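Structure first, commentary second.
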Amino acid sequence: MNIAVLIKQVPVSNDVSVDPETHALVRASSEGMINPADLNAIEEAMQLKEQTDGKVVVFTMGPPDAEKALRDAMALGCDESCLITDRAVAGGDTVATAKVLAKAIQLYGEFDLILGGALSADGATGQVAAMVAEELNLPHVVEIQSVKYKEDQAGKVEVVKKMHDTSFRIACAIPAVLSVNFGCNEPRLATLRSKRAAKSKPLVTYTNAELGFAAEEVGIKGSPTVTVDSFQPETKRSAKMLTGTPAELAKQLYDLIEEEKGK
């Protein structure tokens, strides 16, 4: 089974700068790491690879230093990687990003599954996987807990998706796109040997020269949504100690709630 994993390099800290014109994060201004939920997607991909003797290729879009995230992913066991890096396609919203990722996947080769983290630690829109599926005209299941391949059910995978207190087992035809919930498994750790091996694993770089998009199709120009402003919200916190009997405490809490509602 050949599997593509979509990862995103997110800032290590909140100390990042914002472009004053586009209001997008300036990712080159902060150290990056693999988005936490994407590590769970990598782990699911690795388990499937071990079960089916397949290949895992990891994709990301970002500045040139996003290569570090790809090398880190290959140190976890991914076999190959692809970096999409070009100012012509960068800086767009999730719609434009999904269009670029889908084209890169098609250009790279055929995959049985495409996995990605359900949410990113910076944007947390949870839309990219579903949009990639729409671009590729593939079935998709979002926010899954696990995925299994059963040899007696060729052409399908079984995914587990939770909604509130209920778990659903869904048989999904492949090829398909799945987004994986943060914390649904225990991501493996890289070893010194695997980190060394990752340095020599294949890494392909795509720019718009290979992708072939018109300027108005991708990036900021190709984004149907626009961020018009960004700001740091003001937070005001206060604490008030209450004393008294249970009945008195209940009355005081009620009065405080009513007071806040009236503001």
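When a residue number appears, it is its place in the shown sequence, counting from 1. Every value quoted in this text rests on a predicted model; they were computed, and no experiment measured them. Basis for what follows: all heavy atoms, side chains included, without hydrogens, waters or symmetry-related copies.
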For this session: Please list all pairs passing the ring-ring contact (aromatic ring centres under 6.0 Å, His included) test where one or both residues lie in residues 238-262, with sequence neighbours left out.
Result: none
Exercise. Among pairs that include at least one residue of residues 138-187, which meet ring-ring contact (aromatic ring centres under 6.0 Å, His included), considering only residues two or more places apart or in two chains?
Worked result: none
Problem set entry | Salt-bridge present (Glu80, Lys201; N to O < 4.0 Å) | no
If you link ILVMFWY side chains whenever their heavy atoms are less than 4.5 Å apart, which other residues fall into the same cluster as [X]? By chain and number, please.
X      : answer
Met131 : Val95
Ile84  : Leu6, Val57, Phe59, Met61, Val89, Val100, Leu101, Ile105, Leu107, Tyr108, Phe111, Ile114, Val128, Val132, Leu136, Leu138, Val177, Val204, Tyr206, Leu211, Phe213, Val218
Leu256 : Leu242, Leu249, Leu253

Separation between [atom1] of [X] and [atom2] of [Y], rounded to the nearest 0.5 Å:
X      : Y      : atom1 : atom2 : value
Leu76  : Ser194 : CG    : OG    : 7.0 Å
Leu203 : Cys82  : CG    : SG    : 7.5 Å
Ser81  : Asp72  : OG    : CG    : 11.0 Å
Ile7   : Asn35  : CD1   : CG    : 9.0 Å
Ile257 : Glu260 : CD1   : CD    : 9.5 Å
Glu44  : Asn185 : CD    : CG    : 4.5 Å

Sequence neighbours excluded, which residues qualify as salt bridge (Lys or Arg N to Asp or Glu O under 4.0 Å) partners of [X]?
X      : value
Lys251 : Asp255
Lys49  : Asp79
Arg169 : Glu158
Asp165 : none

Evaluate the side-chain proximity of [Y] to [X]: yes if any heavy-atom separation is below 4.5 Å, no if none is.
X      : Y      : answer
Ile3   : Asp112 : no
Val159 : Ser146 : no
Leu48  : Val147 : yes

Do you know which two heavy atoms are closest between [X] and [Y], and how far apart they sit?
X      : Y      : result
Cys78  : Met46  : N-SD, 3.9 Å
Ala41  : Gly117 : CB-N, 3.9 Å
Thr85  : Pro63  : OG1-C, 3.7 Å
Val142 : Ala130 : CG1-CB, 4.3 Å
Cys172 : Pro139 : SG-CB, 4.3 Å
Ala45  : Val56  : O-CG2, 3.9 Å

Exercise. Can a donor-acceptor pair be found between the side chains of Gln252 and Glu248 at a distance below 3.5 Å?
Worked result: no
For this session: For Ser179 and Glu143, test the side chains for any donor-to-acceptor distance below 3.5 angstrom and give the result as yes or no.
Result: no
State plainly whether one hydrophobic cluster holds both [X] and [Y], where clusters connect Ile, Leu, Val, Met, Phe, Trp and Tyr through side-chain heavy atoms under 4.5 angstrom apart.
X      : Y      : value
Met1   : Leu115 : yes
Leu189 : Val58  : no
Met33  : Leu39  : no

For this session: Test Gln47 against Glu43 for side-chain hydrogen bond (donor to acceptor under 3.5 Å, both in side chains), laying out the working first.
Result: CA-CA 6 Å; Gln47 291 180 21; Glu43 179 59 30; 3.1 Å; yes
Exercise. Where the side chain of Lys99 meets the backbone of Glu217, is there a donor-acceptor pair that is under 3.5 Å apart?
Worked result: yes
For this session: Given side-chain hydrogen bond (donor to acceptor under 3.5 Å, both in side chains), test Asp86 with Asn208 step by step and report yes or no.
Result: CA-CA 6 Å; Asp86 191 327; Asn208 203 37; 5.5 Å; no
For this session: Take atom CD of Glu151 as the centre, draw a 6.0 Å sphere, and report whether it contains more than 12 heavy atoms from other residues, nucleotides or ligands.
Result: no
Using the side-chain hydrogen bond (donor to acceptor under 3.5 Å, both in side chains) criterion, which residues pair with [X]? Sequence neighbours excluded.
X      : value
Thr207 : Glu210
Asp152 : none
Ser120 : Asp122

For this session: For side-chain contact (heavy atoms from CB on, under 4.5 Å), just list the numbers for Asn181 and Asn40, CA-CA rounded to whole Å, side-chain angles, deciding distance to a tenth of an Å, and then say yes or no.
Result: CA-CA 7 Å; Asn181 276 337; Asn40 296 113; over 6 Å; no
For this session: Could you give me the CA-CA distance, side-chain angles and deciding distance for Ile170 and Lys161, then say whether side-chain contact (heavy atoms from CB on, under 4.5 Å) is met?
Result: CA-CA 8 Å; Ile170 303 170; Lys161 179 180 175 68; 4.3 Å; yes
Problem set entry | Criterion side-chain contact (heavy atoms from CB on, under 4.5 Å) on Ile42 and Arg188, from CA distance to verdict | CA-CA 9 Å; Ile42 290 172; Arg188 64 194 63 194; over 6 Å; no
Problem set entry | Derivation and outcome, side-chain contact (heavy atoms from CB on, under 4.5 Å), residues Asp38 and Lys8 | CA-CA 7 Å; Asp38 297 344; Lys8 185 177 184 181; 3.8 Å; yes
